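Structure first, commentary second.
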2 protein chains.
Amino acid sequence: MVMINKSALVYDDLMQKIDAEVYQLGTYLPSENQLCDLYGISRETGRKALATLAENGYIQKIRGKGSLVIEHRQYEFPVSGIVSYKELAQKLHIATENVVYGYDPEATLPIAAFASLGVDLTEEPVTAIKRVRVIDDEPDIIDKDYILKSVIPDVPRKAAEDSLYAYFEDELGLEIGYATKEITMEPANAEDRAELNLDPGAYMAVVRSVTSLTDARAFQFTESRHRADKFRFRDFARRQRKPM
Amino acid sequence: MVMINKSALVYDDLMQKIDAEVYQLGTYLPSENQLCDLYGISRETGRKALATLAENGYIQKIRGKGSLVIEHRQYEFPVSGIVSYKELAQKLHIATENVVYGYDPEATLPIAAFASLGVDLTEEPVTAIKRVRVIDDEPDIIDKDYILKSVIPDVPRKAAEDSLYAYFEDELGLEIGYATKEITMEPANAEDRAELNLDPGAYMAVVRSVTSLTDARAFQFTESRHRADKFRFRDFARRQRKPM
DNA sequence: GAGTGGTCTAGACCACAGT
DNA sequence: CTGTGGTCTAGACCACTCT
């Protein structure tokens, strides 16, 4: 049983009701004062739940009117926010397979690949894992993960075959905090062509990311290489106040 | 003179001091109680500013310790959040040129292109604008904008040559709210090759977006086509609580 | 124990929409 | 004028870190 706070409970409840179309697209959620009565909370607590819904693209708050339910497309294969591959596949009801084709618990971090993400580490010992993601019997994605041994000394091969995030969070009790990721387009290399059965001249969408714990220790470096024709990235963004 | 609220003022001040390295990477901001004294605000107001800094990747809050300044890479050419091309070019001190090569105030929205973003409009009258972005004397990006006439009846060609966002916000007083965008990789078409001088077989990074006002009216549809070798997208994301 | 952030409250005042 | 969201306050209690 997961213990969370009131505003998160309200958030979850409203989110589920939006997904279930109890609150339909184009209609308004109960007003902030009504939420206070409905859930027995103070107004600021309800506002926090609404703010998170707005941040995640579920609603648009309109002053004088209410919280309008808007078109929402958060989870979209294959990348969006920090969600594990396994979580995504479950949420989207996609049948996938996960093949570990490389495992080296005594490797070194290839720093050059992550230089543009602000990594300034030197030769760090890592556990290196290579996996192919198979979707509808077709290999589409290569994931190369490097996990710092200074933070996580041991990553069993079994964890790579199941889910690294489940291992970090459920087994080790670590809290994933945030990630910086970078998407570029690059020609397929020999390894891409071999693992994904691609023709020469093929292009790849490459997502490199650095993931940190809630105590700000970077611990996981990932290079995720996607077949160009299967790649799709969705993003929801709000307008910041204008720069000065 | 722009009138904003206290938490936004504190946010701006802290952000600028982080950028100016008054608060350096790896150090802690003043504690929440200290911020109260420093700015003469209540704790919740300061917390709001800190929450926004955390959201935007400036800091990581660590319970019992403080607000740690972390590696930050928010603005990165050419897409990230909702920032206008002109704002980005200014922020990054990049010399760019903006060539309008198509302008049709009596066009129709090509709905098929935006179907995957959840657009279910029918033949809507739009102002259609085609622009090429030239960076370092090299044409890199094609932007095709379609602006609904039902929301903005008239978009002068001059606005397209300068900045559409400046026109919408400063001239018309509209408030941009949010956008949904989708990144895919597609082969270059004849128009791409002609405008950007590409070889046959070239690939493009295509960013399609739907932008809405703060009252949730979608009004702008954009297809932004980037040379594959110049494309780079950076994203900062926080881990959500685990799905149930 | 002292200091940090995390959460929640009850109340206040303001700006905006719709009648 | 009423109801909506936007902002701010002063105080409370809790969980965690560090000494």
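Since this is a predicted model, take the numbers as computed values, not measurements. Just so it is clear: chains get the letters A, B, ... in the order the sequence lines come, proteins before strands, and each one is counted from 1.
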Query raised in the report: Looking at residues at least two apart in the chain, or sitting in another chain, which of them share a side chain to side chain donor-acceptor pair (under 3.5 Å) with Glu182(A)?
Result: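 Residues passing side chain to side chain donor-acceptor pair (under 3.5 Å) with Glu182(A): Ser116(A), Arg232(B), Arg234(B).
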Rounded distance (Å) that lies between atom [atom2] of [N] and atom [atom1] of [X]:
X         : N       : atom1 : atom2 : answer
Asp215(A) : dT17(D) : CG    : P     : 9 Å
Lys48(B)  : dG5(D)  : NZ    : C1'   : 11 Å
Arg47(A)  : dT7(C)  : CZ    : P     : 17 Å
Leu35(B)  : dG5(C)  : CG    : C1'   : 12 Å
Lys6(A)   : dT9(C)  : NZ    : C1'   : 9 Å
Ile59(B)  : dT4(C)  : CD1   : C1'   : 13 Å
Asn33(A)  : dA10(C) : CG    : C1'   : 12 Å

Report task. Pick base, sugar-phosphate or nothing for Ile41(B), based on heavy-atom distances below 4.0 Å to the nucleic acid. Result ->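 Result for Ile41(B) = sugar-phosphate.
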**Report entry** Any side-chain heavy-atom pair of Ser209(A) and Thr180(A) under 4.5 Å
**Finding:**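 A side-chain contact under 4.5 Å is absent here.
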Query raised in the report: Looking at side-chain heavy atoms only, is the closest gap between Leu25(A) and Ile70(A) below 4.5 Å?
Result: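 Leu25(A) does not reach Ile70(A) side chain to side chain.
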Query raised in the report: Reading nucleotides 11-19 of chain C from the 5' end, what letters show protein touch, with B for base, S for backbone sugar-phosphate only, - for no heavy atom under 4.0 Å?
Result: -B--BBSS-
**Report entry** Candidates Lys48(A), Arg43(A), Arg63(A), Lys65(A) - the one meeting salt bridge (Lys or Arg N to Asp or Glu O under 4.0 Å) with Glu32(A)
**Finding:**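 Of the listed residues Lys48(A), Arg43(A), Arg63(A), Lys65(A), the salt bridge (Lys or Arg N to Asp or Glu O under 4.0 Å) partner of Glu32(A) is Arg43(A).
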